[in-house]
Amino acid sequence: MAKKNNDFNHSPKSGEKHNNSYGRSHVPFRLGVLFIVIFVLFVALIVQLGNLQIVNSDNMESRIRASSQRIIEESTPRGMIYDSQGEPLVENRSEAAITFTRGLDMEGADLLDIAERLDDLIDVEVDDDLTERDLKDFWLADEDHLDAARDRLSQEESNLSDSEEYSALVDEVQDDEIDFNNDQMRLATIFKRLNGTQELSTDFIKNSDVSDEELARVSERTTELPGVSTSMDWTRNMVTDDSPLQSVIGRVSTQEQGLPAEQAEEYLDQGYSRNDRVGTSYLEQQYESVLQGTKTENEVSVDRNGQIVNQTTLSEGEKGDNLKLSIDSEFQQKVDQIVRENYQDLINDGMANYSPGIYAVAMNPKTGDILSLSGYYHETGSSEIEEDAIGTYIKSFTPGSVVKAGTLTAGWGSGAIQGNEVLYDQPIRLAGSNNKASIFNRNGNNNQNVSAQRALEYSSNSYMIQVALKMLGINYNGDTISIPGVQNQQGVYDQLRDAMAQYGMGVETGIDLPGEVTGIRTPVEDLSDARGQAGKVLDLAFGQFDTYTPLQLAQYVSTVANDGQRVRPHLVEGIYGNDEGGGLGEEKETIETEVLNEVDISEENMDIIHRGFHDVAHGDDAWTTARGLDDAEMDLAAKTGTAEMVVVEDGDEINVDNLNMVSYGPYDDPEIAFAVVIPQVRRSDSRGTPNQDITREVMDAYYDLYQDDE
């Protein structure tokens, strides 16, 4: 039997090459290379892990937190506004609120679901300002409606970007599809408020008249309502509806209004959010940075779906600082009453039919503290008036003779007159123009010599006109004269206006309120040599050309009272922190007295003005202009002003006057300066002297409140 061949037992003969020798020599080498590569990768992994855990652990942790945690801010109540006695003029009233903090990537359908759930829990009034776009957004939030709108798109529209496609979808919504009933409109209102909230921002869904039952229902179901919570809100209100200075204090925007469009970028650069409430006018606007509180910072955690799952307060915000005004509400109310009642009497008597209002300002001439701002607007032909204190610094009127101290200052400064120089009061006859004369000497029946001091007491127009003529190089001798053309008068205009400006007339007073006007000063180049216009420079000399605000007149007489130092007027006396209850705390900043300039006048000439103003109230001559102030409780100095005007009604010219007055007292140590302007009062012997009556009553009210106690 032949021996069976078994390849597995076959041993090669000596010298025979084995067919597996290649495998035995190379496999271990491959494994070695593989082990080395794995080892290198393993070492690299360990190094990288070490780098992440040790070297860059803080950076990686912050990146992880940033993807799941965000910081959101919440506004705090504004600071309060108090009068000089610490009585609140405005307040923040706390109210319960339902809020919504929007998570990331929340779609319309998500918001619609929340809105439908909330609609069962709270009562919401339908917004009057729901727009057509709001209603279309609400309709498209329903996914079935969204699909229906998509079916209406053209092939080209379907390939648009997301934002462009949505705009096309909005256009496809039909009018009958947004013809909602009241229940749907209410739901649309809630949806609008949710949809208007930016990602990871908080807005109010309902922040007024929230009942305890609504709070309880929402609180019980917050887990079903992503981002919905209960909170507190505040509203800005005057303490009383008839509180003085409502217009001057100004307004604050609502959260719906947010930042004013014209200032939005400026506020955003300062860290505001678009829905932040800010002061939009007057004191609230001027002191926005003081009144605006520090925001509360909350850290919110979001899950992988962008929903907020946790919220932690990182830092509590602080209520804004408070303003304390220089105005005493009690004195302000007395001034308002005096001004209002006297003006109403003029209206009732038919004397103020054509008058646009009445305006009065009181200030401390030494410190610039505003003591009262009072104003009332009147519609021509109406018997009603309304509060308009802001008109004291944003409306200007022809001042009349109250400005004559400025004319004397220009005359002294130019060298046209010296000291208490005497001039002959007589009508001024100009070629091609009507005569210009003092009221007491219109026809030349009372020609007489008057000094600068007496010119103030009598309110001599002729004296002031002759000062201007002297500045033009003309010494008037009673004959009819021609004066240089308008284009040759520039220097005199400049000198007169510069003197007025030194007292605050025709320039900004610097009051701490926005939007101050400076009156009307017609440029010389806008005038011509036509009949009458060449004489405007003479009208300027006795207050019948440029216009000034009541506040400018108050600063002017304050400058006279303060020996030529013009101080900046201010409503805010100081900035205060908060006490533990959020009320008026410790003073943080005092508004210091600021001297803007000193009038370029000698002490002797300023004394002439002082004595002239005092004689206005206490002179015993027949032509003394304000003898009605002689029996005031304080020793007063004053200057009257009657600017003659004409109004036209149905083609008829009606003669009216601006009845103005400036004053200060006590004469030896002034504490209060006062200006009142009553424009366009009918010219009549029966109208009395309301400017003097108001001045005396206001000054007496001040004395009764303060000087009696000294």
Ionic contact status for [Y] with [X], cut-off 4.0 Å:
| X | Y | answer |
| --- | --- | --- |
| Arg193 | Asp127 | yes |
| Arg236 | Glu91 | no |
| Asp321 | Lys588 | yes |
| Arg521 | Asp526 | no |
| Lys136 | Glu132 | yes |
| Arg274 | Glu265 | yes |
| Glu177 | Arg152 | yes |
| Glu157 | Arg150 | no |

Any sub-3.5 Å donor-acceptor pair from [X]'s side-chain atoms to [Y]'s backbone N or O?
| X | Y | value |
| --- | --- | --- |
| Ser273 | Asp276 | no |
| Asn159 | Gln155 | yes |
| Asp119 | Leu187 | no |
| Thr76 | Glu318 | yes |
| Glu116 | Leu118 | no |
| Glu379 | Glu384 | no |
| Gln174 | Glu172 | yes |
| Arg568 | Gly510 | yes |

Contact list for residues 220-234, test side chain to side chain donor-acceptor pair (under 3.5 Å), sequence neighbours left out: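 Sorted result for residues 220-234: Asn207-Asp233, Asp233-Arg277.
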
Exercise: do [X] and [Y] side chains pair donor with acceptor under 3.5 Å:
| X | Y | answer |
| --- | --- | --- |
| Glu516 | Thr509 | yes |
| Ser374 | Asp336 | yes |
| Tyr272 | Glu288 | yes |
| Ser281 | Glu284 | no |
| Thr518 | Glu508 | no |

Closest non-hydrogen atom pair, Val248 against Tyr282: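 Minimum heavy-atom separation between Val248 and Tyr282: O-CB, 2.8 Å.
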
Side chain proximity check, Glu573 to Ile327, heavy atoms < 4.5 angstrom: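 Glu573 does not reach Ile327 side chain to side chain.
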
Under the side chain to side chain donor-acceptor pair (under 3.5 Å) test, residues paired with Tyr359 that sit two or more places apart: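 By the side chain to side chain donor-acceptor pair (under 3.5 Å) rule, Tyr359 matches Asp388, Lys395.
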
